[in-house]
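In what follows, a structure is listed as structure tokens, so that the remarks can point back to it.
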There are 2 protein chains.
Amino acid sequence: MQFDADAAIETAMGVFWRNGYGATTPQTLTSELQIGKGSLYNTFKSKHHLFVLSLARYSTWRMGFLADNFASPDPVRLQLREAVEVLTGYGDHDRGCLLVNATAELGSSDQSVTEVTEDLFAGIEDAFRVAIQRGQRNGELDPANDPGAAAGALLTTVVGTSLLLKSRTGQGRVLRTIDATINGL
Amino acid sequence: MQFDADAAIETAMGVFWRNGYGATTPQTLTSELQIGKGSLYNTFKSKHHLFVLSLARYSTWRMGFLADNFASPDPVRLQLREAVEVLTGYGDHDRGCLLVNATAELGSSDQSVTEVTEDLFAGIEDAFRVAIQRGQRNGELDPANDPGAAAGALLTTVVGTSLLLKSRTGQGRVLRTIDATINGL
DNA sequence: CGCGTTCTGTACCTGGGGGTCAACAAGTGC
DNA sequence: GCACTTGTTGACCCCCAGGTACAGAACGCG
């Protein structure tokens, strides 16, 4: 193996993220990954398989970010706020979240995709829940709220926001929704 | 014009809804719409144009539903609950919302699509806001909440839920999130 | 009923998607 | 340095997506 397969997956992730699955052609991939078609298919079996690998890579990447993020000494609300902003892809806002895009495009028809997405969604929700519980013990958050329900609501908000950012002008309004949700915790 | 173009658009809407844009081929369309390719392209110009027409049709259909729904004598929370359930596509849950799917697939790269989606999203939010305001005047809802912000949050929840339903097992948990959001109003 | 016009159906075309393969280059053991 | 094995490449292939064009059918009109 001469070229760096790991780096290639990472690049592929970016390509799929920008273009989506269907709109990404083998040609795009070979040109962006700087490898020949043969290597592509020898190493990654198929476009679809490379896509799944990219999703998995994205997923672990995001989970790593969450772990770091919630390990910071910041107040919980700030951590949550930061996490949500990053996850929604606020800023480079016409890419959204790769997993959200993948779900919308292939979600209900491709099991190998849903397996990855479900894991990530569950992982995010879990990280939220743990953080919220910690915040409640700290006295930073209102302990009257059910942490599981709150985490679910936050996940839903993240997903919804990530999508609305792709279509909506006036991102400020969308962000206000996030703030309101977090402040209500 | 021999065949019913309007009915054809409606059928096409269903096809795009199920399959997405990219995965819908001219062949699928001719076979489902029961018309020849010539009629297809003579009448609708292109697959893309037909898609936009389908989106528009979906949009007016949904807006019509909302108008009816909020005209009912039911309590506001019930109206909202019903609206959200329908909009998210709960039940036939692996289609989600056509507009959400379209946004995820083409959102940031196709202006004629974003024009339609932004309109619908704004329309939904508006309908929510009006209903919430009415509920507040009625005393059914807590007037301390900002109706605009609440409507935005509800829209975000709808979009997020519509997407999560495509990937997530255990739809019950997702629905709980909706209930919690509405009950908090 | 004949003629034109519109609508329809289908054969056809082009481009590119997704993938394979045989020749070639680049490392590896001796 | 030489055979051998593994990695890489780009030409090649098939098929189908997306669309066009033309021939024929259905309707309108005198």
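Each chain gets a letter, A, B and so on, in the order its sequence line appears, and its residues count up from 1. For clarity, every value in this text was computed on a predicted model and none was experimentally measured.
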Rounded distance (Å) that lies between atom P of C:dC7 and atom CZ of B:F44:
13 Å

Can a salt bridge be assigned to the pair B:R77 and B:E140 using a cut-off of 4.0 Å between side-chain N and carboxylate O?
no

N or O in side chain of B:S39 less than 4.0 angstrom from C:dC7 OP1/OP2:
no

Could you state the CG-P distance from A:L29 to C:dG19, rounded to the nearest angstrom?
11 Å

Decide side-chain hydrogen bond (donor to acceptor under 3.5 Å, both in side chains) for B:Q133 and B:R137; before the verdict, give the C-alpha distance in whole Å, the side-chain angles of both, and the deciding distance to 0.1 Å.
CA-CA 6 Å; B:Q133 284 171 328; B:R137 280 197 307 273; 5.4 Å; no

Do the charged groups of A:D179 and A:R176 touch, with an N to O distance under 4.0 Å?
no

Rounded to whole angstroms, how far apart are CG on A:N42 and P on C:dG18?
18 Å

Using a 4.0 Å heavy-atom cut-off, does B:G36 contact any base of the nucleic acid, only the sugar-phosphate backbone, or nothing at all?
base

Which listed nucleotide (C:dT8, C:dG19, C:dT10) is nearest to the side chain of B:K37?
C:dT10

Ring-plane angle category for B:F51 and B:F16, please: parallel below 30°, perpendicular beyond 60°, tilted otherwise.
perpendicular

Counting only N and O atoms by type, is there a donor-acceptor contact under 3.5 Å from the side chain of A:E105 to the main-chain atoms of A:Y21?
yes

Report the end-to-end axis angle of the helix from C:dC1-D:dG30 to C:dC30-D:dG1; each axis comes from five terminal pairs, and the value is rounded to 10°.
10°

If you define the side chain from C-beta out and look only at heavy atoms, does anything of B:H48 sit under 4.5 Å from B:S112?
yes

Heavy atoms of B:T30 and B:G36 approach each other most closely as CG2-C, 3.9 Å

Quick check on D:dG19: is either OP1 or OP2 less than 4.0 Å from any side-chain nitrogen or oxygen of B:Y41?
yes

Going only through I, L, V, M, F, W and Y residues with side-chain contacts under 4.5 Å, is there a path from A:W61 to A:F121?
yes

Just call it for B:I35: base, sugar-phosphate, or nothing, with non-hydrogen atoms closer than 4.0 Å on any strand.
sugar-phosphate

Does the side-chain hydrogen bond (donor to acceptor under 3.5 Å, both in side chains) test come out yes or no for A:D119 and A:T117, once each step is laid out?
CA-CA 5 Å; A:D119 274 8; A:T117 57; over 6 Å; no

For DNA chain C, what residues of residues 10-27 of chain B have any heavy atom nearer than 4.0 Å?
none

A:R81 and A:E85 ion-paired at < 4.0 Å:
yes

With rounding to the nearest 0.5 Å, note down the distance linking CG in B:D126 to CG in B:L66.
11.0 Å

Sub-4.0 Å heavy-atom contacts from residues 47-55 of chain A onto DNA chain C, ordered by number
A:K47

